[in-house]
Amino acid sequence: MTHQENIYDLVKLIPEGKVTTYGRISDFLALGSARVVGWALNQCNKNGANIPAHRVVNRKGELSGRGSFATPSTMQELLEQEGVEVLDNCVVNFDLVVWDPLELL
DNA sequence: CCTATGACGCCGG
DNA sequence: GCCGGCGCCATAG
């Protein structure tokens, strides 16, 4: 059982129009490090897995992973498609659109 | 086996 | 509130 599977499953559960953070995922799955999440998502793009990785941002709401998508603007475009406003690589009203995995409980 | 690196985050200055 | 340093864990070389 790899962390990737857990991370993929959780990321798939992020509601459309919402975003969450590496730290929250790391916390919820007790991974011990948020870096692992970033690494797993990086691989998922490469794997071509159908994961909404664009809904994962860093703790400040910045699109830190945009560089790993097809083009640097892909991540932002996908978010805006779902109604998430992005300005200067940051999620607008981050506090309002952030989703915490704990809400599953 | 050991070192460097990274889609991160907390703490102290 | 910004910045630098350090810890964190998995991988690649």
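Being a predicted model, the structure only gives us computed values, none of them experimental. Note on naming: letters A, B, ... go to the chains in the order of the sequence lines (proteins, then strands), and numbering restarts at 1 for each one.
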Passes side chain to side chain contact (heavy atoms under 4.5 Å, CB included), A:Val92 versus A:Val84? Steps please.
CA-CA 8 Å; A:Val92 180; A:Val84 177; over 6 Å; no
Mind checking if A:Leu63 touches a base, just sugar-phosphate, or nothing, with heavy atoms under 4.0 Å?
nothing
Numerically ordered, the residues 40-47 of chain A set in heavy-atom contact under 4.0 Å with DNA chain B is A:Leu41, A:Asn42, A:Asn45
Among residues 94-105 of chain A, which residues get a heavy atom nearer than 4.0 Å to DNA chain B?
none
Single-linkage hydrophobic cluster, 4.5 Å side-chain cutoff, [X] and [Y] together:
X	Y	result
A:Ile7	A:Val19	no
A:Trp39	A:Leu31	no
A:Val37	A:Phe28	yes

Given that A:Ala34 and A:Trp39 both sit by DNA chain C, which one's nearest nucleotide is further toward the 5' end?
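Checking each residue's closest nucleotide, the 5'-ward one belongs to A:Ala34.
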Could you pick out which residue, A:Gly32 or A:Gln4, lies toward the 5' side of DNA chain C when each is mapped onto its nearest nucleotide?
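Its nearest nucleotide being more 5', the pick is A:Gly32.
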Between C:dC9, B:dA7, B:dG9, which nucleotide gets closest to the side-chain atoms of A:Phe69?
B:dA7
Under the salt bridge (charged side-chain N to carboxylate O under 4.0 Å, His left out) test, which residues partner A:Asp9, sequence neighbours left out?
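A:Asp9 satisfies salt bridge (charged side-chain N to carboxylate O under 4.0 Å, His left out) with no other residue.
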Taking C-beta and beyond as the side chain, do A:Val56 and A:Ile14 meet within less than 4.5 Å on heavy atoms?
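A:Val56 reaches A:Ile14 side chain to side chain.
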Answer yes or no: is there a side-chain heavy-atom contact under 4.5 Å between A:Val11 and A:Pro52?
yes
I need the [atom1]-[atom2] distance between [X] and [N], as an integer number of Å.
X	N	atom1	atom2	answer
A:Asn58	C:dC8	CG	P	21 Å
A:Leu31	B:dG6	CG	C1'	15 Å
A:Glu62	B:dG9	CD	C1'	12 Å

Could you name each residue pair satisfying side-chain hydrogen bond (donor to acceptor under 3.5 Å, both in side chains) that touches residues 73-94 of chain A, not counting sequence neighbours?
A:His54-A:Glu82, A:Arg55-A:Glu82, A:Arg66-A:Asn89, A:Thr71-A:Ser73, A:Thr71-A:Thr74, A:Ser73-A:Glu77, A:Gln76-A:Glu80
Under a 3.5 Å distance rule, please check whether A:Thr20 uses its side chain to pair with a backbone N or O of A:Trp99 as donor and acceptor.
yes
Can you tell me how far apart CG (A:Leu63) and CE (A:Met75) are? Round to the nearest 0.5 Å.
5.0 Å
Partners meeting side-chain hydrogen bond (donor to acceptor under 3.5 Å, both in side chains) with A:Asn58 (sequence neighbours left out)
A:Glu62
Distances for protein N or O near nucleotides 2-7 of chain C N or O, under 3.5 Å:
residue : atom : partner : partner atom : Å
C:dG7   : O6   : A:Arg35 : NH2          : 2.9

